[in-house]
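Down below is the structure, laid out as structure tokens.
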Amino acid sequence: MSDPTSKAPSTPAKGFKAPIGTHDVLAPESARWTALLATFAGIAGQYGYGMVHTPMFEDLGVFLRMGEGTDVVTKEMYDFEDKGGRRVALRPEGTASVVRAFVEHRPIVPWKAWYATPAFRYEKPQKGRYRQHHQVGIEVLGVDDPDIDVEVIALADRYLKALGAERYSLVVNSMGSLHDRRNYDVALREFLAGVKNDLADEDQDKVERNPLRVLDSKRRQTMQATADAPRVTDVLSTESAERFERVTEGLDALGIRHTVEPRLVRGLDYYTHTLFEFQSDALDSAQATIIGGGRYNGLAEALGGPETPGIGFGSGIERVLLHLDAEDAFPTPDSGLDVFVVDVTDGRSARDLTETLRDAGLSADRGFDGRSMKAQMKGANRSGARAAVIIGADEAAAGTVTLRDLRGDSDQQTIGRDDLVTTIRTLLETDPS
RNA sequence: GUGGCCGUAGCUCAGUCCGGUUAGAGCGCCAGGUUGUGGCCCUGGAGGUCGGGGGUUCAAGUCCCCUCGGUCACCCCA
């Protein structure tokens, strides 16, 4: 390696660890992920979305279109040169790739797509903020109707409710058209220039760099100094204002509680018109945004496609799970195992019988390595199976099995092998005594 | 990227301030009590280069420096 800054691969004495800011998800926690994904897929399907898979890396330019004023693009991009000298980057979020795919394939509109994907950002990790995190999300291309904005938000809300979340709130805002947004930028810069010295020191340099960000500062001094700052909602064109009105009216009509927050801004600067965030009220942390989204009417064009309106949201799986933990909701699903086969003879019966049970559509696991009956029964208990099928010397000789209920009073019966599947089915339908 | 706190068995942690014989607990795991029966109980066992490296010292889990990782705030965001 000629690059003096590159580090040699390490060979730690205690073995390797997942890279900084990344993590492994093992069972049983992974079962929550599966269930969460199934929930999202089900709801997206209900709303007419089809799943889209796009590459995990793209030409760097695809992501640069997201905006140069954005940290996600300017300092957190996981970009590199591949062996062919191409400048590529691991995706930092879902939208840009999906819109790129739209522009490339031109599916008929309205195009409603959902995705589940890892996302990469080179930043200093902490809880709820990782170098590789995972998002589910949706995008709608080719619909300008504000009612789709309502539908997109409704889908997000339905998703959180389906997971059992309650303690969250929705804030919405409108950035107006690109034209409105430009006007507002001018008005805001003018205002901020006048009060710059009254802002908290840490916020002063944002006045030129990222004026919108001054407004969502959490510092009291800045909040006081900007109390009279112009609001986006005040400078919207009539058309933009009416559009936003239609969105909030729709949310009201559907009974989706929300607050209009004129100071809400979002990082990626492709947003126009509707902007929204679902924030956790249960997470005591700066990383409380569990869903973020909005409309991006200029993005398809910026990626070389026809002028196409778009709207969508992304939701961080880790953060949603953190939120659900804080609410004590969405428990880990149980294993769903029907039976566990315990064979204390030579294991041949377990080998054959377990597979027969699976042929019959049951979920079954078994003990291995000729462990003691006590050990295998512990395994059966741990597996979460409803019943244990026990084969000892007696059963092996008689061609029978003992079926033991692992719940309740743990009744057991010895039956012929031909009757096993039906008897298990009957047992599965009975409540534990 | 900046600053604070933390890092001891698989997990949660005590011990670190005031350095001193074989580093502890609970949970989990394994085995036995119960040579055909899990979940409760009892007994025993395995498991730790005290995140890693260097330094100070007769002596370092304990003090100092560096480094890696986690965490919190900022920045920013899912």
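Hydrogens, waters and symmetry mates play no part in the numbers below; they use all other heavy atoms, side chains included. Naming convention: chains lettered A, B, ... in sequence-line order (proteins, then strands); numbering from 1 in each chain.
- A side chain to side chain donor-acceptor pair (under 3.5 Å) check over residues 40-54 of chain A, counting only residues at least two apart or in different chains, returns the pairs A:Tyr47-A:Arg158, A:Thr54-A:Arg91.
- Across the strands present, B:U62 finds no partner; the criterion is a Watson-Crick or G-U wobble pair with both atom distances under 3.5 angstrom.
- For A:Asn381 against B:G38, a side-chain-to-base donor-acceptor contact under 3.5 Å is present.
- Under the 30°/60° scheme for interplanar angles, the aromatic rings of A:Phe278 and A:Tyr168 are found to be tilted.
- Contacts between residues 345-356 of chain A and RNA chain B, defined by a heavy-atom separation under 4.0 Å, are absent.
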Within the sub-3.5 Å range, which N or O atoms of nucleotides 41-43 of chain B have a protein N or O partner, and how far apart are they?
none

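- Side-chain N/O atoms of A:Gln412 and base N/O atoms of B:U37 include a donor-acceptor pair closer than 3.5 Å.
- For A:Phe57, the side-chain contact (heavy atoms from CB on, under 4.5 Å) partners are A:Val88, A:Leu90, not counting sequence neighbours.
- Across the strands present, B:C40 finds no partner; the criterion is a Watson-Crick or G-U wobble pair with both atom distances under 3.5 angstrom.
- Rounded to an integer number of Å, the gap from CG of A:Leu36 to C1' of B:A78 is 13 Å.
- For A:Tyr130 and A:His23, the ring centers are positioned less than 6.0 Å apart.
- No more than 12 heavy atoms of other residues, nucleotides or ligands sit less than 6.0 Å from atom CZ of A:Arg348.
- Qualifying side-chain contact (heavy atoms from CB on, under 4.5 Å) partners for A:Ala162, counting only residues two or more places apart in sequence or in other chains: A:Thr39, A:Ile43.
- For A:Glu395 against B:G36, a side-chain-to-base donor-acceptor contact under 3.5 Å is present.
- Using N1 to N3 plus N6-O4 or O6-N4 for Watson-Crick, or N1-O2 and O6-N3 for G-U wobble, each under 3.5 Å, B:C29 pairs with B:G45.
- Base pairing analysis places B:G1 opposite B:C74; the two distances defining the Watson-Crick or G-U wobble pair are each below 3.5 Å.
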Under-3.5 Å N/O pairs linking protein and nucleotides 69-74 of chain B:
| from | atom 1 | to | atom 2 | distance (Å) |
| --- | --- | --- | --- | --- |
| B:G70 | OP1 | A:Gly21 | N | 2.9 |
| B:C72 | OP2 | A:Lys127 | N | 2.6 |
| B:A73 | OP2 | A:Gln126 | NE2 | 3.1 |
| B:C74 | O3' | A:Arg219 | NH2 | 2.7 |
| B:C74 | N4 | A:Arg129 | NH1 | 3.3 |

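- Remark: B:C13 base-pairs with B:G24. Criterion, Watson-Crick or G-U wobble with two distances under 3.5 Å.
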